[in-house]
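Before any comments, here is the structure.
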Amino acid sequence: MDVFFYHAPGSTQGRQLASALRTTFKQKYDTHQPGRGFTGTVSGRDLYVLRNTAPVAAFVELGNIQNRFDLRRLVQSDNREALAKWLKDGIVKDFKSK
């Protein structure tokens with residue numbers, strides 16, 4: 001399951017946050033899923049929630065709930081916990097870089 005990270009177009013800090021999250025996910029996948037690879041992307045996306053949020057924001061698409069393969073992975077609590085920890089690690093990494 002690839003993960004996609006979006007930031008508001010033109011938001012340098014949003015892009016940096018989304019990039020830090022992607023880098024963290026890639027490192028974690030390399031550690032916990034060696035050989036599987038990770039191809040998640042970072043891109044600007046004109047989403048209402050990103051355009052109208054005052055603090056720096058990143059939108060993370062963890063999977064498509066209508067995709068049975070994604071759904072199987074998302075319903076497992078261990079997978080959700082790992083994803084949450086990786087998001088936290090990426091946010092902390094971005095915060096410390098400021």
Side-chain angles (χ1 to χ4, degrees):
M1 172 171 52
D2 290 321
V3 181
F4 303 97
F5 305 90
Y6 303 114
H7 57 85
S11 172
T12 302
Q13 290 182 332
R15 181 178 43 76
Q16 290 171 348
L17 173 59
S19 294
L21 291 168
R22 187 204 178 276
T23 298
T24 300
F25 268 60
K26 179 164 179 11
Q27 291 169 345
K28 299 294 184 174
Y29 265 79
D30 289 347
T31 299
H32 299 286
Q33 300 283 334
R36 181 175 177 270
F38 178 76
T39 59
T41 61
V42 172
S43 59
R45 190 152 177 205
D46 191 29
L47 297 173
Y48 179 87
V49 69
L50 294 173
R51 263 194 335 265
N52 295 288
T53 301
V56 174
F59 186 95
V60 181
E61 184 179 341
L62 295 172
N64 180 345
I65 201 76
Q66 295 184 22
N67 178 305
R68 288 193 298 170
F69 181 72
D70 287 356
L71 180 60
R72 272 192 310 222
R73 295 184 67 193
L74 290 172
V75 296
Q76 295 177 355
S77 62
D78 290 346
N79 287 346
R80 288 192 314 272
E81 183 176 354
L83 292 170
K85 286 179 181 178
W86 297 357
L87 287 168
K88 182 259 314 169
D89 291 347
I91 292 168
V92 169
K93 180 188 295 186
D94 179 67
F95 179 78
K96 287 182 176 181
S97 73
K98 306 275 187 250

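The salt bridge (charged side-chain N to carboxylate O under 4.0 Å, His left out) check on K96 picks up nothing, with sequence neighbours excluded. S77 pairs by the side chain to side chain donor-acceptor pair (under 3.5 Å) definition with nothing, not counting sequence neighbours. For F25, the ring-ring contact (aromatic ring centres under 6.0 Å, His included) partners are F5, W86, not counting sequence neighbours. Partners of T12 under the side chain to side chain contact (heavy atoms under 4.5 Å, CB included) rule, at least two apart in sequence or in another chain, are R15, Q16. With sequence neighbours left out, the salt bridge (charged side-chain N to carboxylate O under 4.0 Å, His left out) criterion links K26 to D30. Listed by chain and number, the residues in a side chain to side chain contact (heavy atoms under 4.5 Å, CB included) with Q76 are N79 (sequence neighbours excluded). For D89, the side chain to side chain contact (heavy atoms under 4.5 Å, CB included) test picks out T24, K28, with sequence neighbours left out.
Taking Ile, Leu, Val, Met, Phe, Trp and Tyr as hydrophobic and joining them when side-chain heavy atoms fall under 4.5 Å apart, one finds V92 isolated, its cluster having no other members.
Checked by atom type and distance alone, the side chain of D70 pairs as donor or acceptor with a backbone atom of N64 at under 3.5 Å. Using a distance-only test at 3.5 Å, with no hydrogens or angles considered, a donor-acceptor pair links the side chain of T31 to the main chain of Q27.
Listed here is the closest heavy atom pair of V75 and R72: CG2-O, 3.4 Å. Across every non-hydrogen atom of H7 and S11, the tightest pair is ND1-O, 4.0 Å. The two residues A20 and D94 have their closest heavy-atom pair at CB-CB, 3.8 Å.
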Which donor-acceptor pairs under 3.5 Å do the side chains of residues 44-52 make with protein atoms, sequence neighbours left out?
{"unit_1": "R45", "atom_1": "NH1", "unit_2": "Y6", "atom_2": "OH", "d": "3.4"}
{"unit_1": "D46", "atom_1": "OD1", "unit_2": "R51", "atom_2": "NH1", "d": "3.0"}
{"unit_1": "D46", "atom_1": "OD2", "unit_2": "R51", "atom_2": "NH1", "d": "3.4"}
{"unit_1": "R51", "atom_1": "NH1", "unit_2": "D46", "atom_2": "O", "d": "3.4"}
{"unit_1": "N52", "atom_1": "ND2", "unit_2": "Y48", "atom_2": "O", "d": "3.0"}

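Every pair passing salt bridge (charged side-chain N to carboxylate O under 4.0 Å, His left out) that includes a residue from residues 76-85 is listed here, sequence neighbours excluded: E81-K85.
The hydrophobic cluster containing F59 does not contain L21, counting ILVMFWY residues as joined when their side-chain heavy atoms lie under 4.5 angstrom apart, directly or transitively. Clustering ILVMFWY residues whenever any of their side-chain heavy atoms sit less than 4.5 angstrom apart, transitively, puts V3 in the very cluster that holds L71. No path of Ile, Leu, Val, Met, Phe, Trp and Tyr side chains, each step under 4.5 Å between heavy atoms, connects F4 with L17, placing them in separate hydrophobic clusters.
To the nearest 0.5 angstrom, R73 atom CZ is 10.5 Å from L62 atom CG. Annotation: the span from R22 atom CZ to F38 atom CZ amounts to 5.5 Å, rounded to 0.5 Å.
Counting heavy atoms of neighbouring residues, nucleotides and ligands inside a 6.0 Å radius, atom CD of Q33 exceeds 12 of them.
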